[in-house]
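Heads up, the thing below is written out as structure tokens.
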Amino acid sequence: MSNFVHLHIHSEFSLLDGANRIKDLPVRAKELGMDAIALTDHGVMYGAIDFYKACKKEGVKPIIGCEVYVAPRSRFDKEPNIDNKYNHLILLAKNNQGYKNLSKLVSLGFVDGYYYKPRIDLEILEKYHEGLICLSACLAGAVNQALLNGEQEKAEEIALWHKRVFGDDYYIEIQNNGIKEQVLANQKLVQLARKLDIPLVATNDAHYLKREDAYNHEVLLCIQTGKRMSDIDRMRFDTDELYVKSPEEMIEYFKAFPDAIENTVKIAEKCNVEFEFGHTILPNYDVPPEYPTHFDYFKKLCDDGIKKRYGENPSKEILDRADYEISVIKKMGYVDYFLIVWDFIHHAKTHNIPVGPGRGSGAGSIIAYAIEITDIDPMKYGLLFERFLNPERISMPDFDVDFCYEHRQDVIDYVANKYGHDHVSQIITFGTMSARMVIRDVSRVLDVPYAEADKLAKMIPNELHITIKKALEQNKELADLYETDETVKKVLDIAMGLEGMPRQASTHACGIVITKEPVDTYVPLYVRDGQISTQYIMTTLEELGLLKMDFLGLRTLTVIQDTIDLVKENRRIDVEFDKEMADPKVYKLWQEGKSCGIFQFESQGMTNFMKELKPDCLEDLIAGVSLYRPGPMDQIPRYIRGKQHPGHNEYTHPSLEPILNVTYGCMVYQEQVMQIVRDLAGYSLGRADLVRRAMGKKKLDVMAKEREVFINGQVDESGNVIVPGCVRNGIDAESANKIFDEMAEFAKYAFNKSHAACYAVVAYRTAYLKAYYPAEFMAATLNSFLGNLDKIPQYIDECKSLGIQILKPEINKSSTKFTVEDLGTAPECTERCNGDRSKLFT
Amino acid sequence: MGTGQNYSHNENVGQNFAIRFGLGSIKNVGKAPVDSIVEEREKHGEYKNFIDFCERIADEGVNKKCIESLIKAGAFDEFEQTRSTLLASFEGIMDTIQSGKKKEMSGQVSMFDLGTEEEKEEMNEMKYKFEEHEELPKKDLLSLEKEMLGIYISGHPLEKLRSEIERQTNINTIELRNLDEQMSSNMADSGMELLNQNAGSKPKYHDGQNVKYAGIITSIKKKYTKNNKIMAFVTIEDLYGTAEIICFENAYLKSGNSLVEENIVMVDGRLSIREDDTTTIIANDIKDFGEQKQKVLILNITDSDESEKDKLRGAIKYFNGDKNNINVFVKINDDERSCGQIYLTDQIMELFADIIGKQNVVIR
């Protein structure tokens with residue numbers, strides 16, 4: 001155990017003024033010989049879990065805390081000039097109960113007390129004090145303020161109140177921060193502490209890592225407050241001592257009060273919060289009482305669903321697949337997950353809320369298809385369950401769902417009603433300072449002329465995940481400037497110091513979390529514009545085992561539904577899509593280049609590709625969606641050739657044919673990689689998925705190992721064959737090697753067929769509507785762009801090329817939106833216009 | 001299979017249905033006021049005339065800007081007044097209504113409110129003043145529609161020029177789009193083969209070819225190149241679609257005043273066919289589209305002596321009248337100078353030819 005621990009630290013997640021990167025803190029602590037460190041950001045706990053993980057990785061003990069704002073009166077009081085005078089207070093969690101209480105307090109600060117800042121009050125501080133240690137904070141702490149104002153009695157009163165509530169867990173905080181008022185305050189604080197018999201604790205209120213970082217920190221303050229370094233009234237701290245000091249420095253400074261130093265260690269010993277990762281916590285789901293277990297209910301839904309989809313006598317293949325999936329779902333403990341998802345989708349479908357046929361890998365599950373979570377037959381299109389739920393890999397399955405844009409909120413409301421409004425929340429997301437952005441910001445703050453800043457920023461390549469460091473390696477011109485130009489060096493050095501730090505918080509567009517207990521028991525909450533979201537980002541929530549769903553709003557679903565409604569209204573027809581999705585009249589649209597308005601197929605390039613390809617089945621559409629991306633695009637000519645000259649496909653080995661013939665010899669899908677590995681080398685699909693992942697992420701060591709297994713198989717110590725390998729299956733090693741190479745090269749571009757298939761279904765449906773009910777379809781499409789004057793002309797052009805007249809707005813005939821009017825069978829209507837728009841004006 | 005076959009009318013079902021433009025899509029017209037307009041109409045019947053409309057929606061949050069936009073978009077064309085009349089009158093009418101309402105609220109009963117329907121209508125005529133105006137020229141009406149709706153709807157400004165445009169141009173937007181498709185169909189190696197199969201003959205257009213294209217300018221975007229030279233991206237719309245025309249500095253300066261939005265122009269330029277980009281035209285010159293070709297008579301007097309020149313001068317002056325049909329230029333070496341207009345006939349051509357020689361009399 002070291003002899004000093006920092007208990008008051010601000011990280012990059014103190015968005016206004018913290019410049020400590022989370023991952024740097026435990027590393028630095030260790031360097032300086034400390035084995036524990038705390039995190040206390042302003043009013044928030046955004047970084048708590050990342051901090052915890054980073055500390056554990058370094059073998060440093062994490063102390064989870066927060067520097068809260070305390071309202072002068074009640075947290076509900078929000079009067080100008082009175083209630084904006086809040087105080088600071090440090091809270092540290094001793095144990096998991098303390099963490100829960102801290103989370104609660106921080107949440108209430110936002111939900112109830114937000115007024116310029118998230119503020120708690122004494123009422124809830126007392127209510128939720130258990131498991132928390134309390135420090136009197138910096139100069140903005142209530143005790144300090146009172147002392148500095150000469151209000152000795154008041155200061156004592158406040159201190160005694162805290163002592164009463166927190167008992168031995170309340171400490172008077174003295175700081176070594178170089179600010180002159182602090183020196184005076186320290187003296188008075190020690191006096192008060194001794195008088196009232198309250199223990200002392202020493203901190204440094206660190207906002208950055210090392211003394212040299214103080215300048216960067218000032219620049220950060222300018223960026224976040226919109227000032228420049230040259231502004232006189234910019235926010236500044238007037239000290240360069242707010243860094244993570246070494247124990248020696250702290251001990252030396254406070255040598256008159258060794259107990260303040262010792263107490264930091266004592267406090268650290270008291271703090272032991274543990275988080276559990278990977279353990280799924282699902283909300284409570286109630287099944288109808290006649291079913292003894294959840295599984296019984298689930299099984300009934302599955303059985304009924306299989307019959308509904310496949311008839312009274314489904315084939316053995318189907319039944320085997322269904323049984324297999326059910327057993328895996330049960331074994332991995334996901335029955336409730338399926339039920340929860342089934343439940344809200346079922347609600348949507350029975351309440352006129354359009355739901356997409358699926359998204360992502362979920363369509364690979366026959367059970368999902370049976371109980372109508374998804375709407376595409378995995379058997380027919382070769383979609384794999386293991387791509388969705390891999391029994392050989394522990395991870396939560398992930399059903400993301402598309403809802404019609406207009407009604408997405410209704411589904412969220414349903415879920416909130418069912419599981420409790422405080423059990424459902426949106427999810428936070430952070431905008432970070434990207435390389436180009438931070439260069440511009442730093443330049444502005446340092447009064448570097450705009451043109452120069454712009455030029456410098458543009459020298460950073462426009463790639464995803466680019467950093468200034470990488471750019472200096474890649475761009476010689478930039479590197480030279482850095483060496484020769486002082487200003488450039490200064491700007492870039494500071495920029496690198498701030499790059500990647502979070503800049504502001506906002507709400508993720510589609511993420512929802514649904515929890516067993518109220519959300520704020522696990523995760524503190526944040527409020528912005530009346531919207532509540534979690535303070536941890538999506539991936540963190542998943543690591544904590546919480547149920548996260550993506551509810552996406554898809555405008556196309558709205559267009560489809562609106563079209564169906566218009567057709568019903570206009571022609572009294574109930575639209576029914578053909579189940580086979582093979583209507584030639586529909587495919588004609590792609591063949592003739594009339595893809596305008598068709599989901600996923602509207603771009604010029606995609607239109608031309610389809611016109612060339614002449615698709616006539618859903619598989620072609622699925623391939624189209626998958627291939628038309630940078631990378632796989634190179635295979636497009638081969639695919640087209642393969643379709644136009646059937647029977648001429650070349651395969652490295654004949655065993656590839658049944659797998660690749662559906663894509664004319666090209667490797668297009670991740671599922672195909674999995675199938676190859678299974679069919680040729682005898683892998684289980686679960687392991688095949690792991691191989692695919694390793695290839696996709698270029699995990700060279702795993703790949704090398706699997707190459708060997710793929711070719712020659714794997715045998716256990718007793719000589720039993722675990723994996724036969726290609727050679728045992730009669731495929732020569734040379735071909736096997738070549739095939740492995742092809743897969744490895746291609747795996748990073750391979751597309752998830754389930755996802756592509758779902759989108760192809762949506763595309764087919766939009767095309768079907770366009771082919772049979774063009775007027776209604778175009779009207780619905782135009783309506784989805786209401787208010788967007790840019791897009792309207794393009795779709796009106798399309799109307800005209802389809803032979804649909806556009807009638808001018810009339811006060812006695814028009815509605816708010818575009819509508820369809822029946823002109824009867826007047827002769828002039830039946831004239832074909834052939835792209836000549838002028839003939840179609842009224 | 002598929003309900004598409006349940007129809008009794010013809011195959012191209014789209015042709016029997018038309019799409020009615022929504023009021024909410026009109027610029028400066030918000031959803032809420034329009035919803036009120038439609039609701040009021042559904043509750044109490046169609047609007048009988050403009051006054052009826054104004055009176056009924058006066059309380060519904062429909063402001064003057066909204067009404068102005070509706071007028072411009074042609075929403076009231078079915079009523080007897082011209083758009084220009086309505087534009088000049090609507091504010092006054094709305095003011096009258098508003099002050100009437102104020103009086104109502106303060107309890108004052110207007111004598112306008114007593115009496116039969118007929119009397120009321122007569123009273124309305126006294127109460128509300130229309131400032132009558134002749135309708136705006138078609139061109140202006142179409143401009144307003146373009147502004148309010150984003151498209152031309154009750155005609156196209158180029159319609160009346162259709163045949164003239166066809167006569168004077170050698171390419172239109174449909175052909176430009178076809179070139180795009182041919183270019184990008186080179187995705188498959190067999191693309192070129194297919195292209196030749198389909199075309200049957202030698203392609204009509206090639207990169208760099210000189211073309212003439214005409215249409216109406218819908219937007220002009222000026223930019224400065226690295227060398228600080230001006231250039232412009234001009235979007236021009238013909239009867240079939242829009243095309244991008246690129247003007248470098250020379251062309252830009254030459255085109256001068258013709259480069260104005262809503263101007264109908266003739267583009268003289270070269271085709272730029274690119275593999276990875278849409279086909280555009282690089283302009284040499286953009287000028288106002290004339291109904292007739294501007295013919296010029298060039299008299300080459302490089303080798304002429306003074307007496308010949310005198311005779312020409314006299315002839316030009318003599319043949320210049322009230323009705324001229326050609327511009328006359330005299331040419332010395334490469335220098336051409338304008339020197340008036342005349343009414344040219346074959347005889348006059350012969351006369352000039354006699355004076356300075358047949359080879360020196362050229363029409364261009």
Side-chain angles (χ1 to χ4, degrees), chain A residues 570 573-576 578 583 585 593 604-605 608-609 611-612 636-637 640-641 644 771-776 778-779 782-783 786 789 792-793 796-797 799 802-825 829-830 832 835-838 841-842, chain B residues 1-4 6-7 9-10 12-27 31 34-35 37-38 41 46-47 53 70 73-79 145 148-156 158-159 162 174 180-181 184-185 187-191 194 239-242 278:
Chain A
N570 230 16
I573 290 172
D574 289 313
V575 172
E576 250 186 70
D578 64 305
D583 189 332
K585 187 176 156 113
Q604 184 70 37
N608 293 334
F609 167 28
K611 206 168 165 199
E612 193 70 31
I636 288 181
I640 294 178
R641 258 205 310 277
Q644 287 169 351
Y772 283 102
Y773 314 104
E776 287 87 344
M778 292 311 297
L782 283 164
N783 284 331
L786 269 183
L789 272 184
I792 305 268
I796 296 216
D797 265 358
C799 287
L802 289 170
I804 303 173
Q805 253 180 292
I806 305 291
L807 305 172
K808 58 198 280 295
E810 285 189 31
I811 203 74
N812 277 324
K813 294 224 179 73
S814 295
S815 287
T816 313
K817 298 184 179 190
F818 288 86
T819 47
V820 175
E821 276 180 32
D822 186 347
L823 298 177
T825 48
C829 303
T830 55
R832 196 74 230 211
D836 182 351
R837 310 179 307 172
S838 61
F841 296 101
T842 54
Chain B
M1 170 103 239
T3 39
N6 284 349
Y7 298 117
H9 33 44
N10 68 25
N12 285 317
V13 289
Q15 256 107 25
N16 292 313
F17 294 97
I19 295 181
R20 170 74 64 185
F21 214 98
L23 296 176
S25 261
I26 300 174
K27 196 167 159 187
K31 185 174 185 293
V34 169
D35 283 344
I37 291 174
V38 173
R41 184 183 81 210
E46 294 190 351
Y47 298 104
F53 170 79
L70 289 171
F76 300 109
D77 284 357
E78 68 174 292
F79 299 147
E145 282 166 16
M148 292 291 120
L149 305 175
I151 54 158
Y152 296 109
I153 205 162
S154 55
H156 199 283
L158 297 178
E159 186 53 50
R162 175 191 284 270
I174 294 184
D180 284 339
E181 284 175 16
S184 52
S185 80
M187 282 236 208
D189 291 348
S190 54
L194 283 176
L239 284 157
Y240 313 104
T242 55
T278 49

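Proteins get letters first, then strands, A, B, ... in listed order; numbering begins at 1 in each.
Separating the CZ atom in Phe17(B) from the CD1 atom in Ile804(A) is a distance of 10.5 Å, to the nearest 0.5 Å. Distance check, rounded to the nearest 0.5 Å: NZ of Lys817(A) to NZ of Lys31(B) gives 6.5 Å. The distance from the CD1 atom of Ile19(B) to the SG atom of Cys799(A) is 4.0 Å, given to the nearest 0.5 Å. In this structure, Arg20(B) CZ and Leu807(A) CG are separated by 4.5 Å, a value rounded to the nearest 0.5 Å.
The two atoms that bring Ala73(B) and Pro809(A) nearest to each other are O-CG, 3.8 Å, heavy atoms only. Counting all heavy atoms, side chain and backbone alike, Phe818(A) lies closest to Ser25(B) at CE1-OG, 3.2 Å. Between Ser814(A) and Val38(B), the shortest heavy-atom contact is O-CG2, 4.0 Å.
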- Task: Dump the intermediate steps for side chain to side chain contact (heavy atoms under 4.5 Å, CB included) on Thr816(A) and Leu23(B), then the final yes or no.
- Result: CA-CA 5 Å; Thr816(A) 313; Leu23(B) 296 176; 5.9 Å; no
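For the pair Phe21(B)/Leu782(A), no side-chain contact is recorded, criterion being any heavy-atom separation below 4.5 Å from C-beta on.
Applying the side-chain contact (heavy atoms from CB on, under 4.5 Å) rule to Glu78(B) yields the partners Glu810(A), Ile811(A), Asn812(A); only residues at least two apart in sequence or on another chain are considered.
Judged by distance alone, with hydrogens and angles left aside, the side-chain atoms of Lys808(A) form no donor-acceptor pair with the main-chain N or O of Ala75(B) at under 3.5 Å.
Looking at Val34(B), both its backbone and its side chain come within 4.5 Å of chain A, counting heavy atoms on both sides. In this structure, chain A has a heavy atom under 4.5 Å from the side chain of Ile37(B), while its backbone stays farther away.
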